[in-house]
Amino acid sequence: MKVEIKGIFVKSLLIILAVSFVLFGIINFFSGVGVNNVVKIADQNVSLMQFSRYLTEKRNQFFSADISKKDLDYLNSKDFVMESLREYIYDIVIQTKVNDLGLKEPREAAAREVTQNPNFKDSNGKFSIELFKDILNKNRLSEDAYIDFISMYSSKNNLMQLIASQNFSNDFITDKLFKNGNKYVVADIIEIKPESLTFEYKKPTDEEMSKYYESNKNSFIVPEERVISFVDIDLSGYTAEEGKAKLSNLEDLVLSSNNLDEIAKTYNVKKNEISYQKGKEMPEDLNIDMLQYNAGTFSDVIYKDNNMYKVYYVEKVIPSKLLTLDEAKEQISKILIDNARKDNELIAIDKIVRQMRTNNIDMVAYRNGFVVLNNKTIYRNDINYSEAFIRDLFKTKEINSFTKPVFDSEKKVYLLGLLKDVKEVPADSSNFVKYDLTESIVNRSYSNSVYRMFEKYLFDNTKIVINNKLLNTIE
């Protein structure tokens, strides 16, 4: 069986490498997907509810208290919906091929992996079912969903291992990376605080604000807001028969009630309310299905644990709205001033660099109020500077050349480097990267690339039907 699988896979790879690929991500649109389905992948339908749930869970992965407006706008954009749909399709296509090749990880094996996960072990190093359930609950995951995820992830790893076993030869790339990777630079590091830069900028005109508004209307859409109430019902302390009868009574009451107040009063429990705006982090107590229901709609009776039940009710839905130009003016003014400030900062830095090219750097620094760190040794893995700055520093070819200014969000300064020297890392240094490690990284990277090509090959050769009309209803 192993030989047959590998043979099939090698043939697939040969086909992939022989194909001249068209533009990435082309999707065919045609009829036949079904009115309630967002997409049909081969013979598998994906409903609007399934994809909406996936989309909400994906958004929640990115939310944080300090999320920027730019990132928030992207999470609520059509581009994010389409990118998420692409990933959703990829997952299904790859998993289908994994199953076809007989590489799927059995659920039993996935369950064993869970028991070995150090995150689920207690202070004695033993698997703790209570800790496992607690972590899943905090992340709003069921045990079955998590086991399925582990199974899918391990199955993809099986496919990756099959790719890696092909023994690709990348000696030329390995030699080049080994040589370049074992170099370090000596440079003067210039740190310029934005507040030390002097320039003038004008308040945006009404015409500028109007032009920005018309070009960025989607940024000024206030997302839909929902007020959702819920009650917790304790049906513990009853016999099995009594509990079954009580549950049946609760379900009947949900069907006959006009609002949640009646149920709260009947069971003498507190009614809780959650206000949720679409695109924000979802509260822990909120059931994801309630984001799809209309105002005045009850959830089913939902079992939690220890004979505790929850009932949700959508109190009201405030539709999304587009702010008028007058409503958005203060926000637009701040954006335009901030953009102008960044442009002017870079212009001011460019003037300083021109001064440093013809004058003593330390004197220029003193006159302009910034810091120069002379003759600093920088390795590629230096954690004191951003990746972007280090990358630019190592890409600089000529000695006594300046890098472009890079803003370091942690230090809150602009960084520039003046390259002084490039040296080889000694073989006995802790920063020396061994050849076999370089080779391993190159082969893994190459395997990843081929895997992505394999994904694309499957994607391009799978019949995918998208319900574009239904897709456009998703916000």
Side-chain angles (χ1 to χ4, degrees), residues 2 53-67 71 75 84 87-88 90-92 94-95 97-99 101-165 181 281-288 303-306 308 379-384 386-387 410 430-434 436-452 455:
K2 290 280 185 182
R53 180 189 292 270
Y54 171 81
L55 198 61
T56 301
E57 290 175 348
K58 188 169 173 58
R59 278 178 173 138
N60 285 336
Q61 294 172 11
F62 296 97
F63 288 127
S64 63
D66 58 348
I67 187 171
D71 290 338
L75 291 177
S84 298
E87 290 180 12
Y88 192 83
Y90 262 135
D91 281 344
I92 291 176
I94 287 294
Q95 195 59 35
K97 180 53 65 175
V98 163
N99 294 341
L101 292 174
L103 298 173
K104 184 177 180 181
E105 180 95 346
R107 282 178 57 83
E108 296 78 12
R112 284 195 297 272
E113 285 186 42
V114 168
T115 62
Q116 300 303 313
N117 190 323
N119 293 313
F120 304 135
K121 291 186 177 182
D122 58 22
S123 56
N124 296 318
K126 294 184 178 180
F127 175 72
S128 168
I129 187 66
E130 292 79 14
L131 182 59
F132 172 63
K133 288 182 176 180
D134 182 56
I135 292 175
L136 293 193
N137 286 334
K138 286 178 180 177
N139 289 278
R140 305 185 192 93
L141 284 171
S142 68
E143 292 179 37
D144 282 343
Y146 185 73
I147 295 296
D148 286 340
F149 169 78
I150 294 297
S151 175
M152 181 181 74
Y153 182 80
S154 297
S155 299
K156 285 186 176 182
N157 271 348
N158 292 339
L159 187 56
M160 282 295 297
Q161 288 171 14
L162 196 57
I163 291 173
S165 70
E281 185 173 6
M282 196 167 73
E284 191 171 335
D285 281 326
L286 183 58
N287 182 280
I288 193 171
Y303 176 75
K304 302 305 289 183
D305 51 39
N306 298 323
M308 292 292 294
Y379 293 93
R380 289 182 184 272
N381 61 349
D382 196 313
I383 61 173
N384 296 307
S386 68
E387 288 184 18
E410 289 189 14
S430 60
N431 289 291
F432 186 79
V433 180
K434 294 182 178 179
D436 57 351
L437 177 59
T438 306
E439 186 176 45
S440 172
I441 292 171
V442 169
N443 287 338
R444 186 163 63 247
S445 176
Y446 193 77
S447 296
N448 276 321
S449 298
V450 176
Y451 178 74
R452 295 302 169 203
E455 278 188 329

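Positions are given from 1, in the same order as the sequence printed here.
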Peer 1: Enumerate, atom names and distances included, each donor-acceptor pair closer than 3.5 Å involving a side-chain atom of residues 123-133, sequence neighbours excluded.
Peer 2:
{"from": "Ser128", "atom 1": "OG", "to": "Glu130", "atom 2": "OE1", "distance (Å)": "3.4"}
{"from": "Ser128", "atom 1": "OG", "to": "Leu131", "atom 2": "N", "distance (Å)": "3.1"}

Peer 1: Roughly how far, to the nearest 0.5 Å, is the CG atom of Asn381 from the CD atom of Glu387?
Peer 2: 11.0 Å
Peer 1: Working to the nearest 0.5 Å, report the span between CD1 of Ile94 and OG of Ser155.
Peer 2: 11.5 Å
Peer 1: What distance separates Ser151 OG from Gln95 CD, expressed to the nearest 0.5 Å?
Peer 2: 6.5 Å
Peer 1: Please enumerate all residues that pass side chain to side chain donor-acceptor pair (under 3.5 Å) together with Asn119, with sequence neighbours excluded.
Peer 2: Asn117
Peer 1: Looking only at heavy atoms, which two atoms of Ile147 and Ala110 are closest? And how far apart?
Peer 2: O-CB, 3.9 Å
Peer 1: Pick out which of Asp134, Val114, Thr115 makes a side-chain contact (heavy atoms from CB on, under 4.5 Å) with Phe120.
Peer 2: Val114
Peer 1: Just by modelled atom types, is the Ile150 backbone N or O under 3.5 Å from a matching donor or acceptor in the Ser154 side chain?
Peer 2: yes
Peer 1: Quick one: list whatever passes ring pair (Phe, Tyr, Trp, His ring centres under 6.0 Å) with Tyr379, sequence neighbours left out.
Peer 2: Tyr184
Peer 1: Count the heavy atoms of every other residue, nucleotide or ligand shown that sit under 6.0 Å from CD of Glu87, and state whether that count exceeds 12.
Peer 2: yes
Peer 1: Got Arg112 and Gln116 here, is their nearest side-chain heavy-atom distance under 4.5 Å?
Peer 2: no
